[in-house]
Amino acid sequence: MNASAPVYKRLWVPFTIGAVLVAAAIGVGVWALMRGPVRTSPGSPVKPPAGSLPQARWRIAVYPAGALGKVPKHVKHEIAAARPHLARVVTDTFNALLLVPDRYRQEVSAYFDKPAAAALLRARLAPPAGAQAVQIRRARARIGVDAADPSRAAAAVDIIARAKRSGHRIAWHTHTVLWLERRHGRWSVMAFDVHQQPVRSHHGKHGGSGKHNGKHGGSG
Amino acid sequence: MMTRPRALLAAVLAAATAVCLVVVSGGSSTSRASATEAIAVGRVHASYQPTHGKIFVLVIGTDAREGNPVNANGDAIHLLGFNTVTMRGGILNFPRDCWVNIPGHGTGKINSSLSRGGPRLMAKTIESLTGIRIGYWVMTGFHGFQGALAHLGHLKMRIPPGVNDVGFSGAQISAGVHRLPAYKVLQYARDRHDFPGGDLTRSHHQGDILLAMLRMLRNQVSGDPGRLMRWIAVTRRYTRTSLAPAELFRLGILASQVDPRRVRNVNVPVSLGSVGSADVDFIKQAPAHALYRRFKSHASL
């Protein structure tokens, strides 16, 4: 006992410091994860995986919004030039959400401002649990670009998707409003408002009747 | 029995584990709850807007018939507050005849602070009165208000008692719910002769009009978010404001996410009196200060 006591005395101090440092490192790591994702550059466009079910084509309208008079030609050109960028923000984000979940986090981090990305990821927007063979039945986006200053835009995105779960067919509607700003030549989402809810089944057909006009689906 | 160093080590490790667990559970409990709900029924609602803190905006309606000159009287005076955490708000209405201290100009009616030093002095007057730091101001006259509303569409409002003020504001509206064109909204905003409360009731009605506009903004934007650009455009064309377009955009997003039912419309409590030959409103100090304190700390009423 007498011989081992000094060893403990020598060891417990560095051991305690080590334990505290490990705890602090874990805490910092968790805090950093919770702060939100690190912004990344957009990668290649998100497309349905090869061999997946046929997906509805995106219908995207980009228009000058808020004009009180005639829209000048140079503004029309700017808006036309912004179209592919804005369309990619929308299609990449929602294709990843529904069809390529592995890329969802990356796409949100690439296209959303950090706090907005963190808020969306916290919301755990996803297809219903257990959904398999997800198929987009309708995908529409109307994107209004500020005619007075084409560095601001607002997008209304409506998606009706269906999938199979436990042998049954389920369908749901996602209505999202995205607020975008162009900074340093890049469009990013600064705010959003998203509603997702089940769509009532109409004799097994979903999203083809034209009755889902953007805001509400029935309860399923 | 544990030796002292071992006990200490165990305690440190237990504390470290506890710290980690607290950090993890504290940060994700809300998300976990919403995730469970989403998984169960496939329903998700989430939103994010980038404005933080408490926002106070002074809205001034002047008696100028054309344009937005700063030497007019500010006859409609409303302090809007939004709390971005609780997503609640308030509209505090100041009747135009309130007898107040105008910084650097002695005492006078609150509406005269505009002609004496422009919207900045009016904001300063209200700041010194309430202790609330005003972030922005927006000002418009008769033409500006009517022009802006004409671009935005008819305003749905409930008119509690019908009004008939033909000789003055021109307002002739029956009781009930109406979709009012711009000129009728202006008439209703000006009418003070049809009510026993006179200017005090009118001031409250002006707050009602602001609430109806908030409802209209929210409805329009939820159907077509691009409509917010039109609100920004009319604000820039028809008002004078300290808000930059980018700030207008952010505030518009905030306003579109605030439920108007969570915004209360309240008049500053006053008693009627006179100074010399002028009829004035004296602010009731105790209840008014309680109101200011609440508004300052919560940005809602």
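Lettering follows sequence order; numbering is per chain, from 1.
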Given a strict heavy-atom distance threshold of 4.5 Å, which part of A:Ala147 is in contact with chain B: side chain, backbone, both, or neither? neither

Any idea which heavy atoms bring B:Pro50 and A:Met190 closest together, and the distance? CG-CE, 3.4 Å

Working to the nearest 0.5 angstrom, can you tell me the gap between A:Glu181 CD and B:Arg250 CZ? 4.5 Å

Is it the backbone or the side chain of A:Ala116 that comes under 4.5 Å from a heavy atom of chain B, or both, or neither? both

Taking every heavy atom of B:Gly226 against every heavy atom of A:Ala65, the minimum-distance pair comes out as O-CB, 3.5 Å

Is a side-chain donor-acceptor pair under 3.5 Å present for A:Asp113 with B:Tyr48? no

Below 4.5 Å from any heavy atom of chain B, which atoms of A:Leu21 appear? Answer side chain, backbone, both or neither. neither

Minimum-distance pair of heavy atoms, taken over all atoms of A:Ala191 and B:Ile253: CB-CG2, 3.9 Å

Search all heavy atoms of A:Ala123 against all heavy atoms of B:Ala46 and return the closest pair with its distance. CB-CB, 3.3 Å

Minimal heavy-atom distance between B:Met229 and A:Ala154, with the atoms involved, is CE-N, 3.7 Å

Would A:Trp179 and B:Leu228 satisfy side-chain contact (heavy atoms from CB on, under 4.5 Å), going step by step from the backbone distance to the final call? CA-CA 10 Å; A:Trp179 305 99; B:Leu228 180 61; 3.5 Å; yes

Residue from B:Gln49, B:Arg227, B:His151, B:Arg236 scoring the most non-hydrogen pairs under 4.5 Å with chain A is B:His151

Indicate the atoms forming the closest heavy-atom contact of A:Phe192 with B:Gln257, along with that distance. O-NE2, 3.5 Å

Report the C-alpha separation of B:Arg237 and A:Leu68 in whole Å, then their side-chain angles, then the decisive distance to 0.1 Å, and conclude whether the side-chain contact (heavy atoms from CB on, under 4.5 Å) test is met. CA-CA 9 Å; B:Arg237 178 181 285 188; A:Leu68 298 180; 3.6 Å; yes

Please round to the nearest 0.5 Å and tell me the distance separating atom NE2 of A:His195 and atom OG of B:Ser222. 8.5 Å

Side chain, backbone, both or neither: which part of A:Arg142 has an atom under 4.5 Å from a heavy atom of chain B? side chain

Would you find more than 12 non-hydrogen atoms of other residues, nucleotides or ligands less than 6.0 Å from B:Arg218 atom CZ? yes

Within a 6.0 Å radius of atom CZ on B:Arg179, are there more than 12 heavy atoms belonging to other residues, nucleotides or ligands? no

Hey, is the main chain of A:Gln196 close enough, under 3.5 Å, to the side chain of B:Arg43 for a donor-acceptor pair? no

Does any backbone or side-chain atom of A:Ala155 lie under 4.5 Å from a heavy atom of chain B? Answer side chain, backbone, both or neither. backbone

